[in-house]
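Encoded as structure tokens, the structure appears first; notes follow it.
Just so we're clear, the structure is a prediction, and the values are computed from it rather than from any experiment. Every number for a ligand or one of its atoms is a count from 1 in the order of the listing.
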Amino acid sequence: MLSRGAAGWRALRWAGRRPRARGLHASPRAWSAMPSWVIDRYGSNEVLRFTRDMVFPIIHFPNEVIIRVHAASLNPIDLSMRSGYGATALNMKRDPLKLKTEETEFPLTLGRDVSGVVMECGLSVSYFKPGDEVWAAIPLWKQGTLSEFVVASGNEVSFKPKCLSHIEAAALPYVGLTAWSALNQVGGLNKSNCSGKRVLILGASGGVGTFAVQLVKAWGAHVTAVCSHDASTLVKKLGADDVIDYKSGNLEEQLKTLPLFDFILDNVGGSTEKWALDLLKKWSGATYVTLVTPFLINMDKLGVADGMLQTGVTVGSKTLKHLLKGVHYRWAFFMPSGPSLDEIAELVDSGKKSSLKWTDHPFRRVGVWKKDRRELLEELYYNFL
Ligand SMILES: NC(=O)C1=CN([C@@H]2O[C@H](COP(=O)(O)OP(=O)(O)OC[C@H]3O[C@@H](n4cnc5c(N)ncnc54)[C@H](OP(=O)(O)O)[C@@H]3O)[C@@H](O)[C@H]2O)C=CC1
């Protein structure tokens, strides 16, 4: 019996490790509506609406679970989605055959991260049971986590790290999985091939960056981090070997004085891409991975087909151009994955005993000093009180 729906080898390895869990000990269906933060149109913070009447999520597929949300957090993507970013692609994924012509995505619940407790399991879920403490990052096309309950596929969910509270845990899945996807799945880095590698992380003080610094450091790489002076102490504490302040002079010139890199993770994008690839070692398998791509913007601007075509042409031509210069160029995306979260949870729990300090930074990304996220957070917080 597969425990995470159609998940692969890992699911098979887990088979039978837990009793089948179908019965509810506290069926959420006892309620018909739940409190949520929703938007009914795109815009700025004034479009946020708190309601106690959001329809209760139901299990549509046997591999799904309903999670009672104990904590959720905010990422830049939530602000972008509030403003309409990705609406074209998200609607296509939500309703691929355009059957529900009269329906829209509204009311839409934002929020990708969740830490909470399993309330109900679909018939094929055997790895989780009601009452399990779990964490997850929910894909963009599903209803989000700023709600009392959220539904997720079993293969998107993982057991929460034991050493973190729900509030701490909710700060990690989206950025953790994004960093994991960029570094490991797209970039090919792992604990057995990082030793001695020189890794440059641009935008090291953000949610993805702080996670990425710790991950590649834990895997044995030499880490050069780029962030503002304000964040340099934090980033050093997380393990960066060198920290460069992008606000103190020309960044490109500062980085050119350093030895070449084996790997660059770009969390900043824009003009950075024009010069950053020159900092890589040539003809040695060195790789540049960027998380800032025009994929969803192209679809919003050009529609699904033309947007995808434009994206394919752009990424294809850039990849080829840089390959001819002796370096690899890649785009990476957030990918929901319970198995990857399991690996992250292991690292988080083991971090208690090593030099890793995973709990140092989670609150940073919940908008503590980023003005836009802080305003959204305050809006949510004060309206809950
Ligand atoms: N493709 C995908 O699926 C995903 C893409 N992303 C993208 O990745 C990027 C990072 O996300 P996230 O970490 O959550 O965002 P954050 O806003 O948390 O962090 C971004 C960081 O970049 C730093 N920064 C800004 N300008 C520069 C610069 N010129 N040079 C170096 N650092 C700079 C800021 O640092 P400081 O405070 O020190 O100024 C800030 O902390 C975002 O652009 C996001 O859209 C994220 C998730 C998924």
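- In terms of N/O distances under 3.5 Å, ligand 1 is not approached by A204.
- For the ligand labelled ligand 1, residue V292 lies inside the 4.0 Å heavy-atom shell.
- The shortest heavy-atom distance from A332 to ligand 1 is under 4.0 Å.
- The contact set between ligand 1 and G203, taken as ligand atoms under 4.0 Å from a residue heavy atom, comprises 22 (O), 23 (C), 31 (C), 32 (N).
- At a heavy-atom distance under 4.0 Å, atoms from both the backbone and the side chain of V208 approach ligand 1.
- No continuous path of hydrophobic side-chain contacts links V292 to I77 [ILVMFWY only; heavy atoms under 4.5 Å].
- Under the 4.0 angstrom criterion for non-hydrogen atoms, W331 is not in contact with ligand 1.
- Heavy-atom contacts of V268 reach the following atoms of ligand 1: 27 (C), 28 (C), 29 (N), 30 (N), 31 (C), 32 (N), 33 (C) (cutoff under 4.0 Å).
- Residue L202 is tested with L279, T224, V268 for a side-chain contact (heavy atoms from CB on, under 4.5 Å); the sole match is V268.
- Every atom of ligand 1 is numbered from 1 in the order shown, and the set under 4.0 Å from a heavy atom of Y174 is 47 (C), 48 (C).
- Ring centroids of Y174 and F211 are separated by 6.0 Å or more, keeping the two rings apart.
- Taking the ring centroids of F261 and Y288, they lie at or beyond the 6.0 Å cut-off.
- Here the shortest heavy-atom distance to atom 15 (O) of ligand 1, taken over S271, P76, G206, belongs to P76.
- If you run salt bridge (charged side-chain N to carboxylate O under 4.0 Å, His left out) between D262 and each of R198, K282, K281, only K281 comes through.
- With ligand atoms numbered from 1 in the order given, ligand 1 contributes 1 (N), 2 (C), 3 (O) to contacts under 4.0 Å with heavy atoms of F333.
- In this view, T311 and F295, N298, W331 satisfy the side-chain contact (heavy atoms from CB on, under 4.5 Å) rule, not counting sequence neighbours.
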Item to complete: Test salt bridge (Lys or Arg N to Asp or Glu O under 4.0 Å) on E156 and K142 and set out the steps.
Response: CA-CA 12 Å; E156 292 158 0; K142 293 188 179 173; 3.0 Å; yes

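- For residues 316-339, the pairs satisfying salt bridge (Lys or Arg N to Asp or Glu O under 4.0 Å) are E273-K318, with sequence neighbours left out.
- The part of Y246 lying near ligand 1 is the side chain, judged by heavy-atom distances below 4.0 Å.
- At least one heavy atom of V226 sits less than 4.0 Å from an atom of ligand 1.
- Classification of K217 and D241 as a salt-bridged pair holds, one side-chain N sitting under 4.0 Å from a carboxylate O.
- Contacts between S205 and ligand 1, counted as non-hydrogen atom pairs separated by less than 4.0 Å, involve both the backbone and the side chain.
- Around atom 9 (C) of ligand 1, the closest heavy atom drawn from L202, I77, N267 belongs to N267.
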